[in-house]
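All remarks here apply to the structure that follows.
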Amino acid sequence: MRGASALAVEQTREVFAGVHGAAKVLFYVLAAVATLAFAAYAWKRVQKYRRGRAIGRLREVWEQTRRREKELVAAGRQLARSRPLQTSISAIAANSTVAKRDRATGVAHFLVFWGFITLFVGTVILTIDEDILAPVTDLVIGHPIHFFHGPFYLGYSVVLDVMGLGAIGGLAYLIGRRYTHPPQLDYTRAEKPEEGYSRSALKKGDALFAWFLMAVLVTGFVQEGYRIVATGFPSFELWSPVGWVLAKVFSGLGLGAATAEDLRLATWWAHAIMALGFVVYIPISKAMHMVVDAANLAVHDPASARRLPKPVPEADHVGYRTLADFTWKELVDLDACTKCGRCHVACPAQVAGGPLSPRDLVLDLRQWVDNQSGLHTLLDWEDRPAATGPLSGNGDTKLAGDVIKEKTLWACTTCMACVEACPVGIEHVSTIVQLRRSLVDEGQMEATLQDTLQNFATQGNSFGKSSRQRARWTKELDFKIKDARKEPVQYLWFVGDFAAFDERVAGLSRTLATILNEAGVDFGLLYEDERNSGNDVRRVGEEGLFEMLVEQNMAAFDKAEFTEIVTTDPHSLNTLRNEYPEFGLDKPVLHYTELLASLIEDGTIPVKPLGRTVTYHDPCYLARYNRVTDAPRRLLSALGCSVAEMPRNKDNTFCCGAGGGRIWMDDSNLAERPSENRIKEAVSIGVDTFVVACPKDMTMYTDAAKTTGNEETMAVLDVVQLLDAALDRETLAARRPAPVEVTVPEPAVEPTALD
Ligand code: SF4
Ligand code: SF4
């Protein structure tokens, strides 16, 4: 054992100074108990995950994640330029998913994250020196070898001090932020259950976690300060700058060396017991996110929501009904939630006053799963009457209907804002759709939705019109659009239901067709063979109907000859681009804004600048699902429009409220429709033109401008209307070849016999 007098010379410190004999044994017993308790509870968690459905081992899921990432990068032109950040390991290291849209919190979390890791590694280094290397060398060569001294000790000290201080600073910010009551940390339930509830335990759990960690960090520094006073300020301890400053403060307050040594020993024990207690606390509390979240992000599916899972082939029921229906990855997902509330404030259903919060959905499912597994998370359980499901464990309790209310599941617009906002990679949308599948299977849905699904089944469209009427909008054109089933075309225009059947939008389809025709673009239609793409049908939870629509569309594609698909409907774009490849589609799929931007840029469509200021609404299925945010802005810029951005733009766009089948359901229960909220956002930035690039948006926002009283002051325009206004028709006309003058030769007069 190194004596105190030698410490100053040796440039080290004694790890167990003042802790000898029985006290040291006691420490090791406590450490062993803490480690075993950690392992036992962590194992219980792993056992819970093992109750989930197998989707391959961690390595296979990891490889599949990387493969899908590459597929997605290859699939979209824009995606190639904007690689999804949330799937990369560097994102975990940089905490970039936490910093996204909240830089201050991201920086604070980064400091805590790396500070904690550094202090943990520091403890491991000490253990190696003190408990492995020294005893082993003592046994083998007769004297202990230590490396914890000299330059190594000095470097170690400064790194741990700086990183530990950073962790305290970051944690102080995160604790302080909670006292400002940001809306995302308001635990009021969106669903507002009549039977009442209490979430006070959730708040206590948050506070306990933060202050517990803070106490562990602070006591480490305090005992360092006492040690420096007790050892008489050896100059090399300047390499422990935080401890040195504290020692100066203590000394300035009159603390002597002997008292400092007593306080040091007491604080050492307090720090050691708290640190070991924290080890036990990790797997039973919010602290588990330190382990689970990194794992969850590493296997986050980059195609999540964009490509929904097929039903489980071996299941004897449709959708999710039991714990065993969840994949192990989805069970990890539920444990990963930190209750940060980013999804809660981003969710249009919650903002509109609907009965859905993605955060509450995840917490309710977690509580139900833990209940089923006999696991309790310390202070993280909500007190709700047993009748609501999660606490009852009753076999009669239905997962979709009781645990998660029917109205909650139907409130989702599948906008994906929750998935995009979640810093830990939770995949809410696919879980919601799995739960919806079981509701659809039991016929638990609104009558209007049921009627619409019937329309899909009989007519292949949501309007319930005969397929022969699908191309009726083309009748008013003074030219005939090519039939791609009869002659090859470069672009196959997949029109979609709204752009074909809705009179308010069909005019825009004619405008686009006319412009493409005038510019000499080679395009065609599937005419009556086109069916609804099935994107929203699948998100409603009607998988069988979706597959039927895919089959019919694939049969139509097989009849046609084309190079690329272009669609006006972002919902169709999503399923054609991301889901149809699983059914054999191997052609690129473009949104019309992508095509028009490139046609203007290469000079095929000449335009004259409009000189207008507009705002542009990013459709969820275009911007968030498929990361097409650049092309519409390039297009608007090429038309001479300057885009004033709304606060929520690009992948942070705000849903119109129509997706996921919501357009076929009653929304009169909402305090304010999402589309109305969005129009008000546009009004707040002082623009008079609201540009859309989705047929459903055209109908939703035209209505919202009316209902919010902005009909006169806010023009809702499709990008095609702006293009029509900017089109340089003179240049187009000049390009057209002059009509060939046909001179009919005089008929040669054959000499007759009469001549
Ligand atoms: S997908 Fe959109 S509507 Fe559905 S829970 Fe997530 S944020 Fe809310
Ligand atoms: S699901 Fe994700 S975004 Fe929502 S509260 Fe949990 S961690 Fe935060």
Side-chain angles (χ1 to χ4, degrees), residues 86 95 97-98 100-102 105-106 109 182-187 189-191 199 202 205-206 286 288-290 292-294 296-297 300 304-306 308 330 332-367 380 404-405 407-436 536 539-541 571 574 619-621 623-625 648 651-663 665 667 670 673-675 677:
Q86 290 189 322
N95 280 214
T97 56
V98 186
K100 190 173 170 187
R101 296 181 200 142
D102 189 349
T105 298
H109 193 272
Q184 61 268 37
L185 297 178
D186 176 355
Y187 288 154
R189 287 187 73 94
E191 176 201 330
R199 291 187 138 178
L202 273 64
D206 293 343
K286 180 173 180 166
M288 72 179 160
H289 87 269
M290 300 190 305
V292 177
D293 288 7
N296 201 52
L297 267 175
H300 170 73
S304 179
R306 301 174 175 97
L308 290 176
E330 286 164 338
V332 175
D333 245 24
L334 301 178
D335 276 358
C337 179
T338 60
K339 312 195 292 292
C340 74
R342 293 184 185 206
C343 60
H344 177 77
V345 290
C347 175
Q350 189 279 131
V351 172
L356 164 66
S357 156
R359 175 196 62 198
D360 294 353
L361 178 113
V362 168
L363 294 178
D364 287 350
L365 285 173
R366 174 158 84 194
Q367 191 160 336
D380 220 6
I404 307 296
K405 296 279 195 298
K407 62 180 181 184
T408 298
L409 293 169
W410 288 126
C412 178
T413 68
T414 66
C415 70
M416 206 187 145
C418 47
V419 179
E420 184 72 29
C422 183
V424 301
I426 292 173
E427 299 167 11
H428 316 68
V429 175
S430 54
T431 302
I432 289 172
V433 172
Q434 293 284 18
L435 293 168
R436 279 182 169 189
D536 293 356
R539 276 139 191 91
V540 159
H571 299 243
N574 179 65
C620 301
Y621 275 88
R624 197 145 40 223
Y625 273 75
R648 294 171 293 188
D651 61 7
N652 188 29
T653 186
F654 192 67
C655 179
C656 72
R662 285 293 311 163
I663 200 165
M665 295 180 230
D667 63 0
L670 299 178
R673 292 183 179 91
S675 52
N677 182 290

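Quantities reported herein were computed from a predicted structural model and do not represent experimental measurements. As the structure lists them, so they are numbered: ligands from 1, and atoms in each ligand from 1. Position 1 is the first residue of the sequence, and the numbers go up from there.
Residue contact annotation: Cys422 places an N/O/S atom under 2.8 Å from atom 2 (Fe) of ligand 2. Residue contact annotation: Cys412 places an N/O/S atom under 2.8 Å from atom 4 (Fe) of ligand 1.
Taking atom 6 (Fe) of ligand 1 as the reference point, the nearest protein heavy-atom neighbour is Cys418 SG, 2.3 Å. For atom 8 (Fe) of ligand 1, the nearest non-hydrogen atom of the protein is Cys347 SG, 2.4 Å. The nearest heavy-atom contact from the protein to atom 3 (S) of ligand 1 is Thr413 N, 3.3 Å. Closest to atom 7 (S) of ligand 2, if we only count protein heavy atoms, is Thr338 N, 3.5 Å. Scanning all protein heavy atoms for the shortest distance to atom 2 (Fe) of ligand 1 gives Cys415 SG, 2.4 Å.
With respect to Arg359 and Asp364, no salt bridge is recorded, no charged nitrogen being found less than 4.0 Å from a carboxylate O. At a threshold of 4.0 Å, the pair Lys100-Glu420 counts as salt-bridged, since one of the basic side-chain nitrogens sits closer than that to a carboxylate oxygen. With salt bridges taken as basic N to acidic carboxylate O contacts below 4.0 Å, none links Asp667 and Arg662.
Residues Val419 and Ser304 come closest through the heavy atom pair CG1-OG, 4.5 Å.
Ligand 1 has Pro348 within reach: a non-hydrogen atom of the residue lies less than 4.0 Å from it. Using a non-hydrogen distance threshold of 4.0 Å, His428 does not register as a contact of ligand 1.
Which parts of ligand 2 touch Gly341 is read off a 4.0 Å heavy-atom cut-off, strictly below it: atoms 5 (S), 8 (Fe). Counting atoms of ligand 2 from 1 in the listed order, those under 4.0 Å from a heavy atom of Arg359 are 5 (S). The distance from ligand 2 to the heavy atoms of Pro423 drops below 4.0 Å at these ligand atoms: 3 (S). Listed by number with element, the atoms of ligand 1 under 4.0 angstrom from any heavy atom of Thr414 are 1 (S), 4 (Fe). Remark: ligand 1 atoms within the under-4.0 Å shell around heavy atoms of Val429 are 1 (S). For ligand 2, the atoms sitting less than 4.0 Å from at least one non-hydrogen atom of Cys337 are 1 (S), 5 (S), 6 (Fe), 7 (S), numbered in the order shown with element in parentheses. Close contacts of ligand 2 with Ile426, meaning ligand atoms under 4.0 Å from a residue heavy atom, involve 1 (S), 2 (Fe). Each of the following atoms of ligand 2 lies closer than 4.0 Å to a heavy atom of Cys343: 1 (S), 3 (S), 4 (Fe), 5 (S).
Taking the side chain as every heavy atom from C-beta outward, Arg306 and Tyr621 never approach each other to under 4.5 Å. Two residues are said to be in side-chain contact when any heavy atoms from C-beta on lie closer than 4.5 Å; Arg648 and Asn677 meet this criterion. For the pair Val433 and His428, the minimum side-chain heavy-atom distance is 4.5 Å or more. Residues Arg199 and Leu363 form a side-chain contact, since some pair of their non-hydrogen atoms from C-beta on lies under 4.5 Å apart. Side-chain contact between Cys415 and Arg624: present, with at least one pair of heavy atoms (C-beta onward) separated by less than 4.5 Å.
Once rounded to the nearest 0.5 Å, the distance linking CG of Leu361 with CD1 of Ile404 reads 4.5 Å. Going from atom CG of Asp333 over to atom NE2 of His300 covers 8.5 Å, rounded to the nearest 0.5 Å. We find the CE-CD distance between Met416 and Glu427 to be 9.0 Å, quoted to the nearest 0.5 Å.
Of all the heavy atoms of Leu356, the ones lying under 4.0 Å from any atom of ligand 1 belong exclusively to the side chain. Residue-level proximity to ligand 2 for Val424 is carried by the side chain, the only part with a heavy atom below 4.0 angstrom.
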